Amino acid sequence: MIASAATFAFACFALALLMNLWKVVTAPDVADRILALDTMFINAIALMVLYGLALGSEIFFEAAMIIAMLGFVSTVAYARFILRGNIIE
Amino acid sequence: MSLFLIAALPFIGAVFPALLIRAGRNAAASAAGLTTLLAFIGLMLHIPAVFRGETVFAAVDWLPGLGLNAHFFLDGLGFLFAAMILGIGLLIILYARYYLSREDPMGQFYSYLLLFQGAMVGIVLSDNILLLLVFWELTSLSSFLLIGYWKHLPEGRQGARMALTVTGSGGLAMIAGMLMLGHIAGSYDLSIILQNKDAIQSSDLYLPALILILLGAFTKSAQFPFHFWLPHAMAAPTPVSAYLHSATMVKAGLFLMARLWPVLAGTPEWFYIVATTGLVTMLLGAVIALFKDDLKALLAFSTVSHLGLITMLLGFGTKIAAVAAVFHIINHATFKAALFMTAGIIDHEAGTRDIKRLGGLRHLMPVTFAIGTVAALSMAGIPPLNGFLSKEMMLEETAHTIWNGSHSVVPVLATVAALFSAAYSFRFIVHVFLGPRRADYPAQPHDPGTGMWIGPALLVVLVVLIGLASAKIAGPMVATAAAAVIGTETLPYYSLKLWHGLTPALYMSVAATIGGLTLLALHAPLQRTWNALPRPEAKPLFEALIGAFTRVSQSVTEGLHNGVLTRYAAIMITFTVAISYLAYRSGTLGAETRQIQDPGLLPVVGWFALVIATLFIVAKHRNRLLSLVLIGVVGLVVSLSFNYLSAPDLALTQISVEVVTIILMLLALNFMPKETPVETPALTRLRDGAIAVVAGLGAGGLIYALLMRDFAFPTISDFHLANSYKGGGGTNVVNVILVDFRGYDTFGEIIVLGIAAMVIFALTEAVLGSKVRAYLLNREPDLPQAGDAHPLMMVVATRVMMPLALMVAAYIFFRGHNLPGGGFIAGLIAAIAIIMQYMASGFSWAAERQRYPYHAIIGSGVLIAAATGMGAWFNGMPFLTSDFGYLHWPPLEEFEWATAALFDLGVFLAVVGAVLLALESLSRFAWQPGISSEHAMDINPARDEAAKTGTED
Amino acid sequence: MKLIRRLFPHPLLTLLLTLTWLLLVNRWSLNSLVFGFLLGVLIPFVTQPYWPNRPRLRNPLKIAEYILVVLLDIVLANIIVARIVLFKPNADRRPNWITVPLDLKTPEAITALAGTITMTPGTLSADVSDEGHALLVHCLDAPNPDAVRDEIKQRYERRLMEIFE
Amino acid sequence: METLLEFLVAALLVMAGIFGFVGSYGLIKLNDQMSRLHAPTKATTLGVGGVLLASMLHAAAFEKYVSYHELMITLFLFLTAPVTANFIAKVHIHRQETRASMPEAGGDDHWATHDTPEDEERRQTAHTPPAED
Amino acid sequence: MELLVASAVGILTAAGIYLILRRRSFPVILGLSLLTYAVNVFLFATGRLVTGAPPILNKYQEVAYTDPLPQALVLTAIVISFGMTAVVVMIALGAYLSSRDDGTAMPTETDGAGEDA
Amino acid sequence: MEHLLIAPVVLPALVAPFIIMVLRHHLDLQRIFSLASVVLLAAVSLTLAAQAADGTVKVYELGDWSAPFGIVLVLDRLSAMMIVLTSLLALPVLLYAIGSGWDTRGANFHALFQFQLMGIMGAFLTGDAFNLFVFFEVLLIASYGLMIHSGSTRRFQAGVQYVVFNLLGSTLFLFALGTLYSVTGTLNMADLAVKVAQIPAEDTALLRVGAVMLLLVFAIKASLLPLHFWLPSAYANAPMPVAALFAIMTKVGAYSILRIYTLVFGPEVEATAGLTEAWLLPAALLTLGAGAVGVLGSKKLGRLAAFGAIASMGTLLIAISLFTQTAAAAALYYLVHSTLAAALLFLVADLVMERQGQWIQPQRPMPQTGLISALFFAAAIALAGMPPLSGFLGKLLVLDATRNANLAPWIWGVILLGSLITILGMARAGSLLFWKGHGLPADEQDPSKDLPADSLPAKPAQLPFVACFGLLGGLIALTVFAGPATRYAEATAAQLYAPSAYIDTVLGRTAE
Ligand code: NA
Ligand code: NA
């Protein structure tokens, strides 16, 4: 049961990831692109945790946590770049 | 005196004039003169031995592995030349003291001159042909300096380069020839080479070696068609011309031919090459000399002609001709040096060397007239002077020479040459000294002081004495030298006297004299005809050739290295792929030994994401921000893949590095164009695409082939897996490899990072210290800026996150040895935590709160890592040997300590320092005066409230 | 006392960080506790300059209540948003801007409010006004914007006022 | 008990999958930029949250260890998601909106994103700035 | 899976090289980044591809581990290429700011010499 | 003391961070420490060379992990020679940089200088292929900083090219190492030698690709045509003292080729036979040709020196590419010579450029023109391979060693013609720079010359001349003591071509 549920979740998040990518590539505006990339980070976190769950391993936790922590930094950096040009001023 | 000292004295002497010139011109000249005199005396001390027919040796090994040794020897030939070089050298030194003006840097002159003298002495005393080559090339170099001595004269500079080019290239050819010769003979020592005539002449390499060596000799001795440089070398001060271009350097080629005569001469190849070249040169030089109005040019071509004469004699390959050659070498040196000095005196005193502007000088310069006339008559071959004697011998030999079946070609042409020779010699006397006195000399001519004329006078005395009593005066010298040329065998019969009876030579000689007088009489119309004739001028041709060559070199160099990085890279990649492919094709690839693994859903999705993002980066790379966003996608997917493929450490590192890289690139992109224009034509893009695809196929194919085969041998990482815990004290094998098994790599790696940051800092300083600063200060943002630079929410969020992030960094750090993590990733996280402060609250605000200079953090990181490594020394262990153990402090549980953690702390600090220094440096570009705010947030109602109510927190 | 305040500038933060450490190492042991506590003391001390004027929390117990309320709202928010996304045609949606005047003054409190708004049903904090007296909120589907504004002020801002000011 | 836990984990996973999908789907489906911003900021947090809960539960129930550190991920997401959304909204306001197209800023003049340096200067002179904020 | 990784390496390499062959420094840097990914994955893959076997020693049971050495090498390579990227970004920025041109070609200079000796 | 073997790496690695930590704002102290470090390095290197002179191979097992599992440093005649050369080059270069004030024109000069030395020393001493990569990167990244030290438009532009090209090289290095590891499962050079000798036939294709890619990496460093394009503008635009130090960097490439292609892929190894024959020598010949033509075709002094360096690398690579013991001996002698000669030329170029700008064009006579022109003359004849300096001897050795090669006539022709063209170019430049200006009227100063604004100190410094004469002294010593020098080179070459002692010592097989 868990296995099928996990496969379902895998498929959902994988599909989500590809949709995000599609949006990154095709979005008309840069705001949407950044948003899509940020969403990609979040879906990636989900995938990683799922993978750890499927393998019964904790080994992927740190990577997920680091993405949660740092993905935000790059998103903010992109946005700041558009807002101000200087990301550090 | 040891031959070493004789050869070394001029070089030693070369040092003094340059040093002594401040002590005055006389001091410089005396120093030069004294060392030369000393060497000369040293040489003379060997007279008894040399004239007994002995050979004096002096040998020290220099580079025995190659066969290049400081082996000197002195025999008759060497003695003759050394005596000429040093003897005439002395006279030249004396002459030059008076010839050079006050403005000329005399110290330099004497230094160059003695350098040259030493090189010449070295040539003639060398027993080792490689050593001879050393001196040979040295004469080219020193003569370059001497010819170009008057730096301001274009003729001097051009003449110097021409001489260097021609004689230098000959010298290079000779290197090859000498190496071949030595190879055939099995030794580079002349004393051994000269014993191996049969081996040499029967070798396959004989002809190439001969040609290459002759190229050296001919260029040096100005033989046709290389003769053209010599007249242009006359731009040198006259003492140089007299010394180098009559008495010594140009004779080096002759010396070499004479030196190698025993082993090279006597073959048809030798005869046809050497004799013919000599004959042509003799004739051509004589003809041209007649029509030169410049005294020195006349003498120069005359020298060419006489050098041809001697070459021809050597080329005949008969012993008697060789004797004649030796004799003429002596004679030519005496009268030609005298003539050059005479020309120099005339130039010096009358202010011109142009024959057309001279005449009638016999009244004004009687001494000069006497000296010049005697020397010129000797050159014309008029008895009883020494020139007559050797010319007779020469003519006699030509009479017996058959050239390609013809008995007459050589004697007739030789007579014609002698005729022209007589003609220009007479012209030297008649048009310069005779005739009416003129009113329009550029200067008032008068005889010079004794110092200037004593040298040529001495030479002229020799001219007469050798002519009158040749057997007594020159006989022993000729005999000894000729014996050395011919070899150890007995000399042929010859006699050095004025009257040999009614020989063919006498008739030829008489014909030449009469013809010479006739030509002189017809000189004016002849010269008009000559001048009207179209003929190639060597100098413009040469200059054009060299100029063209230089320009071709320039355009080849600039065309090849055109500064287009794109092309460089394309060439490099194509070359690499091609060579690698060849290497692949020439080896064997066995069948696959591994099974392909079935990919699950995740890898396929990841693959699609990666491929789509990558292709879109290529397609959309002109939109720079978009490509950066897409790079973020690629980095994310790569990181996920590492995680999926059992590499959690890599995943962590990749994602952290990714963030910092993107920040870095955004910082830079702010100042750069946001779009890349279309610049390359479609065809170029197609070409680039083809290169890229081929390289991609190569890389992909290679890794596929590797992935489908097992290791050929068990890998060393089995050891790492087996020893990580018991030897390294950690269960995260990757981390143990990083900080222990291969900690030295990591040590290098953090240094790379530290250097990167230092470089970025230094370059930032450099840019901001330049005029770019002004541009940056006045720069308008490329795009409109939104308000609220430091939004409240961001500031607050990062304030909360910072301690949390540092906590995570500590966690990642401490677990690294046993679980994914480690100092590097922890360092990146800590750095990003601080960078968030910069991004949120502004550069100045965050920088103010930074208490430790980043340079120092980097330095301390590297030092801690190094110190940890060195700590092992105190245990008697090698650098970076780790140690670990377990501590138990009740009530705490037992915990592990490891020196590797200390090393990792070094890594941590270096990374933190490096990342922050790099980012901070890049951030400084945006700094503007006035943007620095003391507030972290632009909008803060609490602050406004406090300001309004006057209550400060 | 001064020394203690300098050493423990933020006892609450120290507590939070110690807890964080225990979460991170995922092991409740004395070692972890001691080590986490050491870090919990050290890190606030080192980072002190980056968070000046830290607000006093007047009523920390209220925080728990607030968190529970918000968590519940988040679950609901997700369901509501999912329904809108999946089933509601774009044409039927009424996206809208609303302005929420702020009584909160401290940046921390405003941030907490804005964050809450973003995480809860159909609303998203987009900006603050130029002097920080109003919050700009975007609604995904708000036929009645005033109601949304009042709920925000009632449900969240009031509670935050109690905690922070 | 085991089955129940299993069911719970599975349910959480399915829920997470759905929310995760919805978040990204909304990004494509919704037709205006500000609305698109809602979908991921909410749905995905619960998507990830579901996975995290499932993971914790799964570890506790089947892997024989108790795992709390998933909470850290949640903590970070909750802390960062509003800021991210705020920034993207500011990008939207900066690029797509003008002062006129925006609602009134309460008692204040306008929204921070439309604040120009001149406005800022005016404000600076209005109040004397204190030393520290 | 091997095919996926190999083709990914190939595509990253090709894309990287194509961008390196552009004439502006920014795409060249992008290309270098892609090429760095390619070579890192390449180097990583030389340990062969294994899933679910991270080289974290399990003290309690015998399990398989993937080859840890290439991972360590790739870590070193990532760090080094990060440093290199940072430097090249800086240099490209310096070049752009001082000449206001981000072309990677060296512009030819006005000729000061050209005459003969 | 056995730890001495790591000192050439650790010493600069300690001094550099110390400088940036403690002495960042004290120029005089930086200079003192930097100089002291270099002097100490020279002493250490000479001591090590003395230890290696009798042919023993010394191994230093870092972290006490034996080869092939850990990283080892290996000292043999070749590495000893290279570290001695490095430190003896560094000393005059550093003196020059201090004397000329170049070290003050940008930040972090001394620290970067030390790190640069550390990288070079590490590359020469390591016995591990991947560690060689790491130290290549150390020396490269330090060189990036030094090359653009003090900045300027052209320096930055040249820097972009230099860095990008070398990053391509670094990438290729990783591809090569990955391939080799993937086939053999090892990284230690001695162990690689053992494994490569036993490689099964069906693995040769992949092994050969790895081997040749590695060779190309080294060829890039050694500026082999057509991989040399990074060099001319990088060296020409670098501060000249830095370019002088870089004279050793191309030698790192040459060293690596010699090392790897005698130890691992030696001429007797079947699996990699015939890998280089077809193209390496022709490429080396073209390198020499391009260098020589470049000397003649250069309009700026820095480029002239850079092409001179390329030409000398061509000669060196010709000798190396034959892969015979005699040729290797000749190559080693020439290597030392060309390092010193190229460095001297760069320093002299700086003396000129500081006074009259970088264009090769007539100038008014400059201060100290006599001394400078004499030094230029010496450097020119050294690099052109004219007597009496060691270049001539080196050239003779190379010619002699190549006499039996298949392409001997080509080799000889190119070497001799190359010399001629180089001489022409040098003569042309010297004549324009030092002679022609004497003909210029006083007021006809060329306005286009680009003198640095604050170029000359009021009182000309002595130190730059001391440095130049130091290098010249080195060349003279190499000439005078050519006998012992070539004997050392021959012994070194013999050791290279009998690698079993090296392998056994590194892998600890001597005891058995
Ligand atoms: Na909301
Ligand atoms: Na080979």
Side-chain angles (χ1 to χ4, degrees), chain E residues 9 13 16-17 20 25 28-29 31-33 35-36 38-48 67 69-70 72-74 76-77 79-81 83-117, chain F residues 130-131 133-134 137-138 140-141 144-145 147-148 151-164 166-168 170-175 177-183 185-187 232-233 237 298-300 357-362 427-433 435-436 446 448-450:
Chain E
V9 168
T13 306
I17 286 179
I20 288 169
S25 53
V28 170
I29 293 171
L32 286 170
S33 301
L35 196 59
T36 303
V39 76
N40 286 343
V41 175
F42 181 99
L43 192 56
F44 168 73
T46 60
R48 311 301 188 266
D67 188 342
L69 188 56
L73 303 186
V74 174
T76 304
V79 178
I80 287 177
S81 60
M84 295 290 170
T85 307
V87 168
V88 76
V89 166
M90 172 67 223
I91 296 175
L93 179 61
Y96 174 74
L97 286 177
S98 49
S99 65
R100 232 54 54 69
D101 172 20
D102 64 346
T104 55
M106 292 286 287
T108 41
E109 277 184 292
T110 41
D111 193 340
E115 52 186 319
D116 225 297
Chain F
F130 191 82
N131 190 246
F133 164 78
V134 172
E137 300 305 300
V138 172
L140 276 172
I141 198 158
Y144 301 155
M147 197 230 110
I148 315 177
S152 86
T153 305
R154 286 196 71 80
R155 217 166 269 152
F156 269 109
Q157 287 167 334
V160 169
Q161 301 204 339
Y162 176 53
V163 178
V164 169
N166 275 295
L167 286 182
L168 282 175
S170 301
T171 309
L172 185 60
F173 206 154
L174 289 176
F175 274 117
L177 289 174
T179 308
L180 290 177
Y181 174 76
S182 192
V183 174
T186 191
L187 293 169
S233 53
N237 289 294
S298 290
K299 294 178 178 173
K300 291 163 112 185
Q358 48 188 341
W359 293 102
I360 299 174
Q361 62 184 0
R428 174 176 182 276
S431 167
L432 277 168
L433 286 168
W435 286 357
K436 199 168 183 182
D446 201 306
S448 72
K449 70 180 187 185
D450 35 306

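Predicted, not measured: the structure shown is a model, and the values here were computed from it.
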Between E:D101, E:L73, E:L69, E:I17, who has the most heavy-atom pairs with chain F when the cutoff is under 4.5 Å? E:L73
Interatomic distance, CZ@F:R428 vs OG@F:S298, rounded to 0.5 Å, equals 9.0 Å
If you define the side chain from C-beta out and look only at heavy atoms, does anything of E:L32 sit under 4.5 Å from E:T85? no
Under 4.5 Å from any heavy atom of chain E, what part of F:Y162 do you find: side chain, backbone, both or neither? neither
Side chain / backbone / both / neither for F:V160 at chain E, heavy atoms under 4.5 Å: both
Structural part of F:T179 lying under 4.5 Å from a heavy atom of chain E: both
Side-chain contact, heavy-atom cut-off 4.5 Å: F:R154 with E:S99? no
Select one option (side chain, backbone, both, neither) describing which atoms of E:V28 are under 4.5 Å from chain F's heavy atoms. side chain
Per-residue contact mode, F:F175 against chain E (heavy atom under 4.5 angstrom): both
Considering non-hydrogen atoms only, spot the tightest contact between F:L140 and F:S170 and give its length. CD1-OG, 4.0 Å
Within-4.5 Å side-chain heavy-atom neighbours: E:T36 and E:M84: no
Looking only at heavy atoms, what is the nearest atom pair of E:L43 and F:G178, with distance? CD1-CA, 3.5 Å
So which of E:G47, E:G16, E:P70 has the largest heavy-atom pair count under 4.5 angstrom toward chain F? E:P70
Can a donor-acceptor pair be found, under 3.5 Å and without considering hydrogens, that links the side chain of E:S98 to the backbone of F:S152? no
Heavy-atom contact with chain F under 4.5 Å, split by part of E:I91: both
Would you mind checking which part of F:L187 comes under 4.5 Å of any heavy atom in chain E, side chain (CB onward), backbone (N, CA, C, O), both or neither? side chain
Which portion of F:T153 sits near chain E, non-hydrogen atoms under 4.5 angstrom: both
With a 4.5 angstrom heavy-atom cut-off, could you sort out which part of E:L97 is near chain F: side chain, backbone, both or neither? neither
For chain F, which candidate among E:A92, E:S25, E:A95, E:A45 shows the most heavy-atom pairs at distances under 4.5 Å? E:A95
Distance check, rounded to the nearest 0.5 Å: F:L177 atom CG versus F:F173 atom CZ? 5.0 Å
Would you say that E:T104 contacts F:V164 through its side chain, given a criterion of any heavy-atom pair below 4.5 Å between the two side chains? no
Region of F:Q161 in contact with chain E, defined by heavy-atom distances below 4.5 Å: side chain
Structural part of F:N166 lying under 4.5 Å from a heavy atom of chain E: neither
Decide yes or no for E:T76 and F:F130: does some side-chain heavy atom of the first lie under 4.5 Å from some side-chain heavy atom of the second? yes
Which bit of F:I141 comes within less than 4.5 Å of chain E, counting heavy atoms only: side chain, backbone, both or neither? both
